[in-house]
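Take a look at the structure below.
Numbers for residues simply follow the sequence, beginning at 1.
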Amino acid sequence: VELPSTTSFETKEVTKASGSIFPTSEKSTIRKVVKKVKEFHWRATVSWEIVLYTGSDASANRVVLQSRQSSIMIVTQSKAAPMPQQTTHEPVEVSLNWLMRMVDTDQMAAQFKIDREDKDTRTPYRNKQTADALEWFSEISEWCSQFYSHFEHHVESIVDKHNPAKQEAPRHGRRLKSIEVGSMFCPTQPLMEEQN
């Protein structure tokens, strides 16, 4: 890639001629500096999937709820690869046992209720059923945070390795911070969709 520079220089050539009507002539040349840079292009591919499985073996009886693969071309000025050939991240897991127990499969409806006859039930908020629900929602919230954090840190670090010789206009702020999580991903929506 040839990069035009803001640097330029001027050379003047003065010629003196004897016996001419014009005793001296002046010629100037302006030269611009051009820097030649070798760029290397790397394709980075990111894929993820949300999988539902039963039991302790994640590779057996699995149903893919959602998946995506995307890639980006990263341009660097170095021959060294900007990242490892392949990276596999540990899965982020959350148990759906509590949620599945709340579904009445005959009526296909939620069946959350507080056992008012239980001696430990104090108020509609202070009881075992509400405590279990709050614990599960806390776990799913943590799972969503880890899911988002993965994209914010790992995926954005790949984009940050893009370093072409011709610099683009600077982007202010973090690119992925501008994405609204609510519009991007709803973790329980695939569970509620009817399968054809």
Side-chain angles (χ1 to χ4, degrees), residues 42-74 82-162 171-196:
W42 311 89
R43 178 168 302 283
T45 302
V46 175
S47 59
W48 58 267
E49 60 185 9
I50 299 174
V51 177
L52 185 66
Y53 66 91
T54 59
S56 59
D57 186 8
S59 60
N61 299 325
R62 52 186 270 142
V63 176
V64 177
L65 299 176
Q66 220 170 20
S67 65
R68 178 143 194 250
Q69 181 176 358
S70 60
S71 61
I72 184 172
M73 188 62 71
I74 296 175
M83 64 197 72
Q85 176 93 19
Q86 182 173 347
T87 304
T88 303
H89 298 278
E90 289 295 317
V92 179
E93 297 184 330
V94 66
S95 173
L96 298 179
N97 290 341
W98 180 87
L99 181 65
M100 293 298 119
R101 284 195 308 268
M102 295 300 111
V103 176
D104 181 352
T105 54
D106 295 333
Q107 297 180 17
M108 291 308 290
Q111 60 175 5
F112 178 80
K113 62 182 175 184
I114 297 170
D115 183 4
R116 295 173 192 263
E117 303 301 318
D118 190 339
K119 64 178 177 66
D120 292 330
T121 299
R122 304 277 186 248
T123 66
Y125 183 76
R126 292 179 56 208
N127 57 71
K128 181 174 178 4
Q129 292 78 27
T130 302
D132 290 347
L134 290 172
E135 182 181 348
W136 185 80
F137 280 107
S138 175
E139 289 172 8
I140 198 76
S141 176
E142 176 61 26
W143 180 82
C144 291
S145 294
Q146 289 178 12
F147 187 88
Y148 177 73
S149 178
H150 172 77
F151 283 94
E152 183 181 26
H153 294 91
H154 297 292
V155 176
E156 190 162 297
S157 72
I158 294 170
V159 176
D160 287 342
K161 293 184 187 329
H162 183 64
R171 295 180 179 141
H172 299 289
R174 301 188 72 156
R175 289 173 289 282
L176 293 178
K177 284 277 190 188
S178 64
I179 298 173
E180 272 296 319
V181 178
S183 63
M184 177 180 82
F185 175 67
C186 179
T188 56
Q189 183 180 2
L191 299 174
M192 309 304 170
E193 293 177 352
E194 287 187 31
Q195 297 293 323
N196 294 335

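Within a 6.0 Å radius of CE in M73, more than 12 heavy atoms belonging to other residues, nucleotides or ligands are found.
Expressed to the nearest 0.5 Å, how far CG of L99 lies from CE of M102 amounts to 8.5 Å. Residue Q111 holds its CD atom at 9.5 Å from CG of D106, rounded to the nearest 0.5 Å. Here OG1 of T45 is found 10.5 Å from CD of Q86. Values are rounded to the nearest 0.5 Å. Between the NE2 atom in H150 and the CD atom in E90 there is a gap of 12.0 Å [rounded to 0.5 Å]. Taking CG from L96 and CH2 from W143, the interatomic distance works out to 8.5 Å, rounded to the nearest 0.5 Å. Distance check, rounded to the nearest 0.5 Å: OG1 of T54 to CG of N97 gives 10.5 Å.
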| field | side chain to side chain contact (heavy atoms under 4.5 Å, CB included) between M83 and I74, worked out | value | CA-CA 10 Å; M83 64 197 72; I74 296 175; 3.5 Å; yes
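A distance-only check finds a donor-acceptor pair linking the side chain of S145 to the backbone of S141 [under 3.5 Å]. The backbone N or O of F137 sits nowhere less than 3.5 Å from a side-chain atom of W98 that would complete a donor-acceptor pair.
Nearest heavy atoms, F112 versus Q129: CE1-O, 3.5 Å.
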